[in-house]
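Some notes on the structure that comes next.
In what follows, every heavy atom counts, from backbone to side chain, and hydrogens, waters and symmetry copies are set aside. Naming convention: chains lettered A, B, ... in sequence-line order (proteins, then strands); numbering from 1 in each chain.
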Amino acid sequence: MTEMNLIQAVVHTLDHEMERDENMIVLGEDVGKNGGVLRSTAGLYDKYGGDRVLDTPLNESTIIGSAIGMALYGMTACAEIQFQDFLYPGFDQLVNEAAKFRYRSGGEYNVPMVVRTPYGGGIRGGHYHSQSGETHFAHTSGLKVVVPSNPYDLKGLLLSSLRDPDPVIFMEPKRIYRAVKNDVPEEDYTVPLGKANLVREGEDVSIITFGSMVPVALSAAKAAEEDDISVEVLDLRTLNPMDEEAVLKTARKTGRVVSFCEAPRHVSFASEVSATIAEKAIDSMEAPIVRVTGYDTPFPYTLESLYLPDANRVYDAIEKVYNYR
Amino acid sequence: MTKGMLTVLGKKGGKKPHEELGLSVEDLKRLYETMVRVRVFDEKMIKLQRSGRIGFYVPALGQEACHIGAAFALDDSDWIFPHYRDPGIPLLRGITIQEMVHQLYGNAADNTKGRQMPNHFSYKDINFVSISSPLATQIIQAAGAAYAAKIKKDGKVVLTSFGDGSTSEGDFHAGMNLAGVHALPIVFLCENNQWAISVPVSLQTGSESFAIKAQAYGFDGVKVDGNDILAVYKAAKESVEKARSGRGPTLIEAVTYRMGPHSTSDDPTRYTPEGELEAWKKKDPIERFKEYLRQVKVWDEEWENELRTTIAKEVDDAVKKAEATDPPAPDTLFEDVFAELPAQLLAQKDEMKRLIDEYGMPEGH
């Protein structure tokens with residue numbers, strides 16, 4: 001066991017898997033000698049060489065498109081998109097190509113590829129280093145979407161993703177890259193895709209969230225505890241496929257749900273969670289499901305802290321659903 | 001960079017060109033037969049579409065020499081990232097007309113389970129990678145595969161084909177650029193058929209040619225007469241040998257002409273200048289190759305008739321069989337989204353089954 005932050009867990013996991021799987025290749029912008037602009041591939045170039053830790057030309061369609069070609073050719077391709085905001089020039093390769101290869105070829109071809117990308121606000125990154133675009137990906141049949149919230153899960157989920165026969169977009173919560181630490185076993189283990197994790201048990205209200213909003217949910221839950229409101233927090237961990245069973249279980253248990261993410265509200269993942277509960281567990285609900293999200297504006301620079309949901313905004317929603325009669 | 005345009009057919013004097021290229025009489029016959037197979041197949045499928053029996057078709061009329069000549073220069077284990085106007089390649093590698101007709105019908109015998117529009121073939125067994133509709137996406141994927149071949153040192157070469165319109169896409173740049181940086185074992189085949197649906201080459205590029213674009217990526221471009229199958233073969237053979245020996249990529253611009261519509265949904269009389277088609281018909285790649293084969297005494301009328309009769313029957317039989325084959329079973333709708341069916345999809349599959357039980361199959365099935 002070693003205590004690690006999220007970045008250290010990424011480096012450790014990539015190293016672990018590259019050692020085990022000689023067909024694995026890491027590619028992206030600045031992933032080589034520089035070790036990644038956010039340091040998530042530090043040391044890999046020296047250990048595995050430039051063939052397997054490839055600095056690509058500066059073009060996201062190159063990164064994703066060539067990773068698809070490598071994956072089709074039998075490699076385990078792990079692509080890095082420096083910031084999720086920069087993924088859009090490669091969106092076609094992800095949505096029209098990676099996601100459809102298995103289906104369109106009648107199961108002849110598959111794309112064992114992981115696209116790792118840091119996402120989300122809270123780092124003073126303005127429009128283009130802050131967005132949380134998970135619904136774009138989760139909406140696309142054929143793509144798996146994974147969002148870890150802590151280093152232990154990150155290693156287990158990333159290993160599951162790298163060993164999955166289908167394309168996975170692995171969204172890393174960069175705001176808490178260095179802030180969240182826990183113990184990560186040195187040995188091999190996986191956390192299954194599609195399984196949520198109840199990170200805090202409670203009786204009165206459920207918060208359903210993922211990624212960088214998990215710590216925010218936990219501090220709001222703590223604040224509510226002081227007011228004798230018992231809150232449980234479900235960390236989804238995988239958005240597609242979503243652990244519907246876990247979502248419905250916590251919703252039925254408390255009957256009061258705050259559906260929470262940092263992306264804009266309209267057609268957000270929080271909306272999908274709300275709709276699922278409304279459709280399948282309405283009889284158990286004691287209060288309307290409330291979404292806490294970013295606002296439906298482009299991501300701001302100076303007013304970032306007003307935009308991003310914080311513990312107070314979550315607390316406000318907890319109170320609202322708790323007091324609803 | 002070759003100045004001018006590489007041509008082989010019609011050259012006077014010297015050794016017979018096919019012997020110089022190391023092609024046997026059997027090779028010549030196979031090339032010609034594949035070209036005719038594509039032509040007969042195309043003509044019949046267009047008629048079939050016009051009579052409403054298949055929904056859509058993309059002919060390769062006039063472009064037979066380009067893709068067949070180029071693919072013939074590969075080893076069978078080499079990979080191809082094709083576009084939708086390359087039907088001769090699967091035929092060359094042993095895929096039957098029947099298999100292809102099943103795909104056009106999207107029926108239960110279609111190896112891709114009726115998932116795509118006609119002509120979007122996929123044949124993994126012969127390394128012919130699944131085709132998509134958005135243009136040029138295969139070019140950067142091909143470069144990625146070539147990169148994998150290079151670091152695996154397996155000696156394989158990748159061929160990717162596309163039209164002149166695709167050279168305007170970002171993924172053309174992406175693929176050419178990556179290939180140039182790493183001197184990848186790849187051959188880029190641009191089938192310049194003069195038209196991207198209704199947009200002529202003059203509105204596609206300001207370059208003097210497409211071949212010249214290779215220079216900017218640090219490798220050779222060669223312009224060949226795309227209606228001269230021996231010229232295409234020669235260029236491809238040299239490019240494949242170069243790629244296999246680690247000397248990097250080549251862009252081949254095969255100058256040809258789309259003698260049919262872009263697809264059966266298109267009417268080229270709306271935009272092509274009068275007389276253009278007739279002028280190109282005089283340079284029909286099949287007629288030109290036939291003339292050569294006649295000169296070297298490989299072709300005669302009897303063989304031609306036998307060939308056309310056999311192929312026509314093969315196509316007709318294939319159509320009959322395809323029309324007698326059911327559509328894919330409803331359950332297959334949910335297969336191959338992922339390796340395993342997640343719970344949500346399983347629930348949706350059950351929902352669909354219940355709806356079919358309750359209301360029957362939907363209208364239009």
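- One finds the OG atom of S105(A) at 13.0 Å from the CZ atom of F128(B) (value rounded to the nearest 0.5 Å).
- Of all the listed residues (D243(A), N59(A), L54(A)), the one sharing the greatest number of non-hydrogen pairs under 4.5 Å with chain B is L54(A).
- Using modelled atom types and a 3.5 Å distance limit, the side chains of S132(B) and E97(A) yield a donor-acceptor pair.
- For chain A, the nearby part of I131(B) is the backbone; its heavy atoms alone come within less than 4.5 Å.
- Each of S130(B), S122(B), S133(B) was compared with R104(A) under the side-chain contact (heavy atoms from CB on, under 4.5 Å) criterion, and only S130(B) meets it.
- Chain A is approached within less than 4.5 Å, heavy atom to heavy atom, by N177(B), L178(B), V181(B), H182(B) from residues 176-186 of chain B, ordered by number.
- A donor-acceptor pair shorter than 3.5 Å cannot be found between the side chains of Q344(B) and N240(A).
- If you measure heavy-atom distances from D92(A) to chain B, the contacts under 4.5 Å come from the side chain alone.
- For N111(B) (side chain) and G106(A) (main-chain N/O), no donor-acceptor pair under 3.5 Å exists by modelled atom type.
- Residues P134(B) and N96(A) come closest through the heavy atom pair CG-ND2, 3.9 Å.
- Other residues, nucleotides and ligands place no more than 12 heavy atoms under 6.0 Å from the OH atom of Y128(A).
- Nearest heavy-atom pair, V129(B) versus Y109(A), reported as atom, atom and distance to 0.1 Å: CA-OH, 3.5 Å.
- Q93(A) places a side-chain N or O within 3.5 Å of a backbone atom of T137(B) that can act as its donor or acceptor partner.
- Considering only heavy-atom pairs separated by less than 4.5 Å from chain A, the leading option among H120(B), Q116(B), K113(B) is Q116(B).
- A 4.5 Å side-chain heavy-atom check between L333(B) and Y103(A) finds at least one atom pair inside the cut-off.
- Residue H16(A) places its NE2 atom among more than 12 non-hydrogen atoms of other residues, nucleotides or ligands, all under 6.0 Å distant.
- Note that NZ of K153(B) is 6.0 Å distant from CG of D51(A), once rounded to the nearest 0.5 Å.
- With values rounded to the nearest 0.5 angstrom, I64(A) atom CD1 is found 10.5 Å from D171(B) atom CG.
- Across G194(A), G142(A), P241(A), the residue that shares the most heavy-atom pairs under 4.5 angstrom with chain B is G142(A).
- Of all non-hydrogen atoms in D154(B) and Y73(A), the two that sit nearest each other are OD2-OH, 2.7 Å.
- For the set E245(A), M75(A), M70(A), the count of heavy-atom pairs under 4.5 angstrom toward chain B peaks at M70(A).
- Using a 4.5 Å cut-off between heavy atoms, F121(B) makes no contact with chain A at all.
- Heavy-atom distances place no part of D125(B) under 4.5 Å from chain A, backbone and side chain included.
- With a 4.5 Å cut-off on non-hydrogen atoms, K100(A) does not touch chain B at all.
- Considering only heavy-atom pairs separated by less than 4.5 Å from chain A, the leading option among A149(B), P328(B), A146(B), G114(B) is A149(B).
- Here D164(A) contributes atom CG and E340(B) contributes atom CD; the two are 8.5 Å apart, rounded to the nearest 0.5 Å.
- For K253(A), the NZ atom counts as densely surrounded, since its 6.0 Å shell holds more than 12 non-hydrogen atoms of other residues, nucleotides or ligands.
- No part of K150(B) comes within reach of chain A, as not one of its non-hydrogen atoms sits under 4.5 angstrom from that chain.
- Contact annotation: the side chain of N23(A) approaches that of K152(B) to within less than 4.5 Å [non-hydrogen atoms, C-beta and beyond].
- Both cation-pi conditions hold for K144(A) and F338(B): the charged atom is under 6.0 angstrom from the six-membered ring centre and inside a 45 degree cone around its axis.
- With a 4.5 angstrom heavy-atom cutoff, L143(A) touches chain B only via backbone atoms.
- Contacts between A339(B) and chain A at a heavy-atom distance below 4.5 Å involve backbone atoms as well as side-chain atoms.
- Contacts of Y147(B) with chain A are made by side-chain atoms alone, with heavy-atom separations under 4.5 Å and no backbone atom involved.
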